[in-house]
2 protein chains.
Amino acid sequence: MKPIDILNKHDMKRTSCREGIIEVVMTASQALSENEIRERLAGNYDRTTFYRSFKTLEEHNIIHKIVVNNQLVKYALNNSVTHKNEHTHFFCNKCQSVKCMDDVPVQKYQLPDGYSDNKTEVLIKGTCANCKTEE
Amino acid sequence: MKPIDILNKHDMKRTSCREGIIEVVMTASQALSENEIRERLAGNYDRTTFYRSFKTLEEHNIIHKIVVNNQLVKYALNNSVTHKNEHTHFFCNKCQSVKCMDDVPVQKYQLPDGYSDNKTEVLIKGTCANCKTEE
DNA sequence: AATTTATTGCAACAATGCTGCAAATAATAT
DNA sequence: ATATTATTTGCAGCATTGTTGCAATAAATT
């Protein structure tokens, strides 16, 4: 599915910024930061527009945000085909890359009485396959 | 163990800021943000000193940081008695509180070939026992 | 082509966090 | 007790991430 079709499906206005972000995130093999997305984008957009686009796209479940730490945020496409609903994320301490681990589902956690869970975020930090071989 | 003893055990200078932070975090039932800690502190410290103190205390494994999102960071004591090594964290969407789930250990995740894990962070978001009863 | 509605860009602001440097403080030796 | 040394603090300044209000602009609809 093309970026335009995705926007149409969600009854969203087809602006070039949104189209561009979807395009970039769609073709990326890993989650990308705001700057990484901007670099790959044709047009030049204001930072505010960027943030608002991310927010809207996230609210419509087109992309999701991965907060590595308070200084590093990345975005990835919600692909219902390849990305299982609740997958884990992997962060490589060496190359700082973030990958959606589509084949590593989030496990169920048993909470104490009274607590109810809504969403569980799992971030696995370590060394990725690519950096491992380069040692 | 008192804050001073903890600092001595780690061969750290006993400054009032460090002592205060440990004191506050020690007596808290939940993880606290920078501001929450500052409010509970007697002395008035510069923000830089605060951050540096957090950093040093974290490096010495006295406290640990919980990044809820890029706008909300909380700190909690590393109590080897009550806090198991790898525990999960719970974030309440209603009251914004963060709690160390000492009895809910982080589960093991099987990664694809080539990947090696170092640390796994699990943040469970939902409604806490306190907010549940208030509905 | 005109209207309506949503989006953009700009300016300003807030929060978190880092760095260099001089002043102050803690631990140690005298 | 006092002097010395090493660490820590406070300040100024800066970077990054993110938000808000408002006027200008662009998209979808009539």
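Sequence lines set the chain letters: A, B, ... in the order given, protein chains first and strands last, and positions in each chain run from 1.
In this structure, Lys108(B) and Gln107(A) approach most closely via the heavy-atom pair O-NE2, 2.6 Å. In terms of heavy-atom proximity, Lys74(B) sits nearest to Ser97(B) at NZ-CA, 4.1 Å. When all heavy atoms of Thr56(A) and Met12(A) are compared, the closest pair comes out as CG2-CE, 3.7 Å. In terms of heavy-atom proximity, Ile66(A) sits nearest to Val98(A) at CG2-CG1, 3.9 Å. Listed here is the closest heavy atom pair of Phe50(B) and Cys17(B): CD1-SG, 4.3 Å. A pairwise comparison of heavy atoms in Lys65(B) and Val73(B) identifies CG-CG1, 3.6 Å as the closest pair.
Along DNA chain D, the nucleotide nearest Gln71(B) and the nucleotide nearest Thr56(B) are compared for position; the residue whose nucleotide lies closer to the 5' end is Thr56(B). When each of Asn8(B) and Asn35(B) is assigned the nucleotide of DNA chain C bearing its nearest heavy atom, the one mapping closer to the 5' terminus is Asn35(B).
Leu7(B) places its CG atom 14 Å from the C1' atom of dA27(C), with the value rounded to the nearest Å. Rounding to whole angstrom units, CZ of residue Arg52(B) and P of dA6(D) are separated by 19 Å. Between the CZ atom of Phe50(B) and the C1' atom of dC11(D) there is a distance of 17 Å, given to the nearest Å. Atom pair Tyr51(A):OH and dT17(D):C1' shows a separation of 4 Å (rounding to whole Å applied). Between Leu72(A) atom CG and dT16(C) atom P the separation is 18 Å, expressed in whole Å. Atom CD of Glu58(B) is separated from atom P of dG17(C) by 10 Å (rounded to the nearest Å). Note: NZ (Lys55(B)) to C1' (dT19(C)) measures 10 Å, nearest angstrom. Rounded to an integer number of Å, the gap from CD of Glu36(A) to P of dT16(D) is 14 Å.
Without hydrogens or angle criteria, Asn78(B) side chain to Asn61(B) main chain gives a donor-acceptor distance under 3.5 Å. With hydrogens and angles disregarded, a donor-acceptor distance shorter than 3.5 Å links the side chain of Arg18(B) to the backbone of Lys13(B). Between the side chain of Thr88(A) and the backbone N or O of Val104(A) there is at least one donor-acceptor pair closer than 3.5 Å.
Just one of Glu39(A), Arg40(A), Arg38(A) meets the side chain to side chain contact (heavy atoms under 4.5 Å, CB included) condition when paired with Leu32(A); it is Arg40(A).
Side-chain contact, Thr48(B) with Asp46(B): a donor N or O sits under 3.5 Å from an acceptor N or O.
Looking at residues 40-49 of chain B, you'll see Arg47(B), Thr48(B) sit with a heavy atom under 4.0 Å from some atom of DNA chain C. If you check residues 11-25 of chain A against DNA chain D, the residues with a heavy atom closer than 4.0 Å are Lys13(A), Arg14(A), listed by number.
Axis deviation across the helix from dA1(C)-dT30(D) to dT30(C)-dA1(D) amounts to 20°, comparing end segments of five pairs, rounded to 10 degrees.
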